[in-house]
Student: 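Submitted below is the structure of interest, expressed as structure tokens.
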Amino acid sequence: MGNFVRTLSDRACVVASDTTWMEDAAVAQLVTTSQLEGMRRVAGMPDLHPGRGYPVGAAFFSVGRFYPALVGNDIGCGMALWQTDLKAASVSLDKLDRRVGNIDGAMEDEALRMQAMTVHGVAPGAHDASLGTIGGGNHFAEFQQVDTVFDADALSALGIDAKRLLLLVHTGSRGLGERVLRSHVDTFGHRGLVDGTPEAEAYLAQHGAALRYALCNRELVAQRLLANVRADGQRVLDVHHNFVAPAQMLGATGWLHRKGATPSDQGPVLIPGSRGDHSYLVQPLAISDDTLHSLAHGAGRKWIRSACKDRLFKLMTPTQMGRTVLGSRVICNDRQLIYEEAPQAYKAIDSVVQALVGAGLVALIARTKPVLTYKTRGECCE
DNA sequence: ATGTTC
């Protein structure tokens, strides 16, 4: 692993290279979190960045108790990768943009929604209307195309044809996960839950429901977009990066929390760059207890949200922000969000993925580039 | 991040 895994203390490390942007505040949050009661080890991924009290882009292994606040409000957030039957080379960007339409509101196809809910074990409830919607923040759906193949065998083993248009969906459990965290924190604060107690079981049941909801939501977003662009598609992979699960590692039985950390023990995963950068499909290699069976979940934020508009609005108009250096298009009719999610606000994906490669954690399968990113149609249009 | 939000 060499110097790509930096030891911070006897129980904290961070995966990074010399070129990986790493905020001192995020590293400090990581070390602070490592001192929580029962915490055995924490591992910062190269996309590590500061969060609200706890860092994002990290995994945490504890024994005897676990911490819902470390998982955060977006329980079950993750990435789903789909392959469409459209040939990437014959896609007209204008036509794709037009056909994608508006998926900000609730789904009209209630039968499709009900079917997916049944398949995924999602009970009807107050959050039904958010199924099939992306939400805000860093969530998105993005059509992509393969631009470099590193391992053709691994790519075809996934059933991916490099000529086909891909669809990546990044979203989670919307208001449901938010409600689960809030009701937990209102009652128990941040001290965590002790193994085997009724309150721990109750949280885990709600957490499990949020994971199923999030998976169902990603599937419905994909199916909705596929229907709009008149394509068929198949899911290639779907992986949560915000959750807690029982785990055995480091010679102990405990709880592995992932907060913006992609599992390295569930097969190939896609690590997206910002909307103006590439994404990498990677094969996890040796599963390392030291880095808590985890990988980066994206590029990682470099600028805090509140700084983005001030830094960029003099340089670029919202219209200019709607195109990227890779030639892709961005649907984001929200003046604030389009600056907050600017490529400039994120770390370079190469610096993140190269740290994972350097640490011996992944091998590259393929690189993709964005074609069209959907955030929100906003107030206008349609 | 969030049926958020002055």
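Not measured: the values here are computed from a predicted model. First the proteins, then the strands, lettered A, B, ... as listed; each starts at 1. FYI, side chains are in, hydrogens and waters are out, and symmetry mates aren't considered; it's all heavy atoms of this structure.
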Student: Answer with yes or no after comparing the ring centroid distance for F66(A) and H207(A) against a 6.0 Å cut-off, counting only values under it.
Tutor: no

Student: Any donor-acceptor pair under 3.5 Å linking the side chain of R224(A) with the backbone of I103(A)?
Tutor: yes

Student: What integer distance in Å separates I75(A):CD1 from dT2(B):P?
Tutor: 12 Å

Student: Would you kindly give the NE2-to-C1' distance between H49(A) and dA1(B), to the nearest whole Å?
Tutor: 11 Å

Student: Tell me the interatomic distance from R305(A), atom CZ, to dT5(B), atom C1', rounded to whole angstroms.
Tutor: 15 Å

Student: Regarding R179(A), tell me which of base, sugar-phosphate or nothing describes its non-hydrogen contacts under 4.0 Å with the strands shown.
Tutor: nothing

Student: Side-chain N or O of R174(A) versus OP1/OP2 of dG3(B): is the shortest distance under 4.0 Å?
Tutor: yes

Student: Regarding G51(A), tell me which of base, sugar-phosphate or nothing describes its non-hydrogen contacts under 4.0 Å with the strands shown.
Tutor: nothing

Student: Roughly how many Å is it from CD in E340(A) to C1' in dT4(B), rounded to a whole number?
Tutor: 12 Å

Student: Hey, mind stepping through Y280(A) and D350(A) against side chain to side chain donor-acceptor pair (under 3.5 Å) and telling me if it holds?
Tutor: CA-CA 9 Å; Y280(A) 284 90; D350(A) 280 0; 2.5 Å; yes

Student: Using whole Å, report how far CG of L337(A) lies from P of dT2(B).
Tutor: 11 Å

Student: When you group the ILVMFWY residues by side-chain heavy-atom contacts below 4.5 Å and let the links chain together, are V352(A) and L168(A) in the same group?
Tutor: yes

Student: Give the rounded distance in Å between these two atoms: CD of Q336(A) and C1' of dT2(B).
Tutor: 16 Å

Student: Take atom CE of M79(A) and atom C1' of dA1(B), then tell me their distance rounded to the nearest Å.
Tutor: 14 Å

Student: Report which part of the nucleic acid G136(A) touches: base, sugar-phosphate, or nothing (heavy-atom distance under 4.0 Å, all strands).
Tutor: sugar-phosphate

Student: Just call it for H139(A): base, sugar-phosphate, or nothing, with non-hydrogen atoms closer than 4.0 Å on any strand.
Tutor: sugar-phosphate

Student: Would you mind classifying the nucleic acid contact of G137(A) as base, sugar-phosphate or nothing, using non-hydrogen atoms under 4.0 angstrom?
Tutor: sugar-phosphate

Student: Strictly distance-based, threshold 3.5 Å: is any side-chain N or O of K347(A) a donor or acceptor partner for the main-chain N or O of L48(A)?
Tutor: yes

Student: Expressed in angstrom and rounded to an integer, what is the separation of L181(A) atom CG from dA1(B) atom C1'?
Tutor: 10 Å

Student: Does the base of dA1(B) carry an N or O that pairs as donor and acceptor with the side chain of N73(A) under 3.5 Å?
Tutor: yes

